[in-house]
Amino acid sequence: MLAVRGLRHEYAGRTVLTVAEWDVAQGEASLVIGPSGSGKSTLLAILAGLIVPAAGRVSVAGCDLAALGPASRDRFRARHVGLVLQTLHLIGVLSVRDNLRIARRLAGLAEDPAIVDGALAALGIEALASRKASRLSVGEAQRVAIARAVVNRPPLILADEPTAALDDANCQRALALLVDQAAACGATLVVATHDQRVKPHFKRVLEL
Amino acid sequence: MTTLGLAWTYLAARPLLTALHVLLLALGVATIVLLILFTGQTEERLERDAKAVDLVVGAKGSPLQLILSSVLHADVPTGNIPFTAARTLAADPMVLSATPVSLGDSYRGFRIVGTDASFLDLYSARIAKGLPFKGEMEAVLGARVARQSGLAPGATFAGSHGLAAAGGAAHAEHPYRVVGILEPTGSVIDRLVLTPLESVWEVHEGHSPGRAHPTQESREITALLVRYRTPIAAAQLPRRINGTTSLQAASPAYEGARLMKLIGVGVDALRAFALVLMASAALSVFIALISALQERRYDLGLLRLMGARPSRLLALIAAEGMTLVVGGVILGLALGHFAAEGLGRWLVESQAWSVTGLAWDPAELWLCLLVIAFGAATCAIPAILAYRRDPATILLER
């Protein structure tokens with residue numbers, strides 16, 4: 001699913017990320033761990049097609065991202081990548097349901113209320129469907145962010161520091177949800193974090 | 001969810017601010033719409049009412065007042081002139097027609113005009129009901145007078161002394177009898193009561209019981225409405241009258257243009273004020289969009305992360321801005337027309353000026369296009385900033 005070879009990226013002439021070789025199979029869950037500034041988020045941005053690396057080759061689902069133009073990378077990301085961010089960014093003015101609907105629309109997928117409602121039900125948040133995202137608690141917003149990441153059934157889910165602001169109990173719950181949902185849709189999961197509490201949940205770990 | 005739907009959701013999420021931005025722009029647009037309607041309709045009315053008359057001859061005084069009182073029926077006369085002098089002028093070879101006008105009384109704010117049959121020809125007025133006046137104390141009503149008073153042929157009424165809407169003492173001892181009603185013309189004649197000169201003389205001579213019965217030579221009229229026989233008369237006749245007689249000659253076309261110029265000073269000041277309002281509104285829309293960019297940097301970044309093309313963000317910000325602009329234009333048009341109609345209803349009391357909000361001026365279309373184009377230019381910078389936003393920063397920003 002993911003194949004990284006000789007990857008290097010730099011900002012203003014300073015190298016911030018190097019990965020010699022890294023592979024993740026389809027449906028596998030992998031952890032990228034390292035201290036702040038080690039290049040974890042940069043790696044996720046490269047895997048999402050947001051940044052073109054300074055050197056090396058990155059293949060996602062058999063597609064060389066650097067070979068795609070900006071528009072194609074946007075389309076690729078919409079269809080193939082689900083994202084869960086550290087601060088659980090949802091669009092606050094939209095309802096929970098509309099946050100999921102817009103993800104489907106941007107991916108060019110047809111409106112399907114059953115799929116949206118099904119994703120919410122799978123995370124036990126169907127009762128929140130009409131509530132504005134800005135009125136959710138942190139725990140509720142986290143579930144919605146995961147539901148949005150999986151609603152398009154992407155082959156790759158990228159999670160950036162998903163447990164950074166959570167206590168131990170919530171950290172375990174969030175990880176379990178993420179891993180379960182990724183497994184349920186057969187997606188490859190890559191979690192980037194500096195949080196050592198996460199490490200025991202993953203067999204595959206890339207240390208930066 | 002469409003881009004327009006998302007833009008609307010963002011605007012609806014802060015209803016007060018959205019309403020204030022729209023209202024600010026609407027006030028500017030409404031002020032200019034009101035000015036367009038007022039100046040356009042006033043100019044059109046001046047032109048329409050004055051086009052039948054080449055020259056007005058009356059008592060010395062302000063030429064503009066003479067035109068306003070005798071042609072537009074919107075001011076008090078400068079005085080009276082001898083009827084014999086008017087008859088002499090009417091016989092001048094340069095004069096095609098000369099219509100006498102004698103003012104002094106009114107009926108429910110509508111002026112009673114003593115004149116002769118040529119007055120109807122001057123305004124191409126036709127009788128809708130009844131007959132033209134022939135004898136003393138017979139009256140023909142303009143269409144609006146008939147509509148508002150409810151008088152029909154055969155009815156009688158008494159005029160009031162004076163030209164004000166409230167009127168002075170009623171001439172109850174000299175009632176007029178309605179013999180005809182005119183078709184609507186859209187000109188000043190619609191709001192006049194026409195009667196033979198002799199009626200006016202009869203009413204006012206009757207008011208002075210101690211005075212000797214006046215002769216035709218001692219009688220007076222207010223003004224004479226003249227049409228030229230030849231174009232050269234325009235150059236010679238006014239100069240001759242003003243230079244060699246005790247009368248005053250004034251050109252409705254010239255005085256009308258002068259009046260519009262005088263009004264224009266105030267109109268220009270109001271227009272400048274409206275432009276400042278609109279510029280402030282444009283600036284407020286610009287600030288709103290720039291703040292939106294800052295406040296929603298994560299939302300916009302998130303949309304890009306989810307696969308939105310930069311052009312979609314550009315469209316989103318542009319749609320938000322243009323919704324404010326178009327909303328302001330539509331509300332401004334409505335407010336402008338509403339204000340014009342309100343002003344018209346207030347002015348109708350005076351019977352002098354009129355403006356309606358139920359009419360459309362082509363200049364409004366240009367105003368709308370101009371404001372929308374200006375609004376689009378205002379939205380362009382924030383929209384382009386959104387277009388250029390790097391989505392990777394949302395992942396890398398801490």
Side-chain angles (χ1 to χ4, degrees), chain A residues 11 16 36-37 39-52 70-71 73-83 85-95 97-109 111 132-134 145 148-149 151-152 154 158 160-161 164 192, chain B residues 1-19 21 288-289 291-317 319-321 323-324 382 384-398:
Chain A
Y11 292 120
V16 294
S36 293
K40 303 183 297 294
S41 296
T42 301
L43 177 60
L44 289 195
I46 290 169
L47 295 177
L50 292 163
I51 297 174
V52 177
R73 283 204 304 273
D74 288 338
R75 272 195 297 274
F76 180 86
R77 185 167 60 253
R79 295 298 296 269
H80 295 86
V81 183
L83 283 154
L85 304 178
Q86 177 185 5
T87 40
L88 310 166
H89 295 300
L90 299 172
I91 297 179
V93 296
L94 296 181
S95 68
R97 181 179 281 119
D98 283 344
N99 267 277
L100 270 62
R101 284 175 63 212
I102 202 164
R104 284 190 66 77
R105 186 178 174 88
L106 290 173
L109 299 172
E111 283 262 344
K132 270 196 175 180
S134 58
R148 189 191 55 203
V151 73
N152 293 341
L158 302 176
D160 186 38
E161 301 280 9
Chain B
M1 169 150 291
T2 62
T3 302
L4 200 58
L6 187 57
W8 177 250
T9 305
Y10 276 119
L11 290 173
R14 37 181 190 166
L16 184 64
L17 270 180
T18 298
H21 290 310
L289 296 179
S291 325
L293 276 184
Q294 183 59 24
E295 284 165 17
R296 302 209 305 266
R297 61 190 184 280
Y298 289 118
D299 284 12
L300 295 172
L302 187 61
L303 289 170
R304 289 281 285 117
L305 289 181
M306 288 193 289
R309 298 283 303 125
S311 57
R312 192 175 173 111
L313 300 197
L314 183 141
L316 176 66
I317 295 297
E320 266 191 69
T323 301
L324 295 176
I384 290 168
L385 288 175
Y387 180 88
R388 288 182 173 172
R389 177 140 293 173
D390 180 3
T393 54
I394 194 171
L395 263 180
L396 304 175
E397 214 173 76
R398 288 287 183 272

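We use all heavy atoms of the structure for the numbers below, so side chains are in, but hydrogens, waters and symmetry mates are not. Note that this is a predicted model, so its numbers are computed, not measured.
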K.L.:
Please classify the contact of Arg304(B) with chain A as side chain, backbone, both or neither, using a heavy-atom distance under 4.5 Å.
P.N.:
both
K.L.:
What part of Leu6(B) lies closer than 4.5 angstrom to a heavy atom of chain A: side chain, backbone, both or neither?
P.N.:
side chain
K.L.:
Tell me, for Thr2(B) versus chain A, whether the close heavy atoms (under 4.5 Å) come from the side chain, the backbone, both or neither.
P.N.:
both
K.L.:
Where is the tightest heavy-atom contact between Leu90(A) and Asp299(B), given as atom of each residue plus distance?
P.N.:
O-OD1, 3.8 Å
K.L.:
At their closest point, which heavy atom of Asp74(A) faces which heavy atom of Pro310(B), and how far apart are they?
P.N.:
OD2-CD, 3.7 Å
K.L.:
If I compare all heavy atoms of Ala13(B) with all of Val93(A), which pair ends up nearest, and what's the gap?
P.N.:
CB-CG1, 3.4 Å
K.L.:
Of the backbone (N, CA, C, O) and the side chain (C-beta and beyond), which part of Ile102(A) lies under 4.5 Å from a heavy atom of chain B, both, or neither?
P.N.:
side chain
K.L.:
Check step by step if side chain to side chain contact (heavy atoms under 4.5 Å, CB included) holds for Thr9(B) and Asp98(A).
P.N.:
CA-CA 11 Å; Thr9(B) 305; Asp98(A) 283 344; over 6 Å; no
K.L.:
Taking atom OH of Tyr10(B) and atom CG of Leu94(A), what is their separation to the nearest 0.5 Å?
P.N.:
6.0 Å
K.L.:
Working to the nearest 0.5 angstrom, can you tell me the gap between Met306(B) CE and Asn99(A) CG?
P.N.:
7.0 Å
K.L.:
Ala78(A) and Gly307(B): which non-hydrogen atoms are nearest, and at how many Å?
P.N.:
CB-CA, 3.7 Å
K.L.:
Determine whether Arg312(B) and Leu106(A) satisfy the following criterion, side chain to side chain contact (heavy atoms under 4.5 Å, CB included), listing intermediate values before the conclusion.
P.N.:
CA-CA 10 Å; Arg312(B) 192 175 173 111; Leu106(A) 290 173; 3.5 Å; yes
K.L.:
Start with the C-alpha gap between Leu302(B) and Arg148(A), add the side-chain angles, then the distance that decides, and say whether side chain to side chain contact (heavy atoms under 4.5 Å, CB included) holds.
P.N.:
CA-CA 12 Å; Leu302(B) 187 61; Arg148(A) 189 191 55 203; 3.3 Å; yes
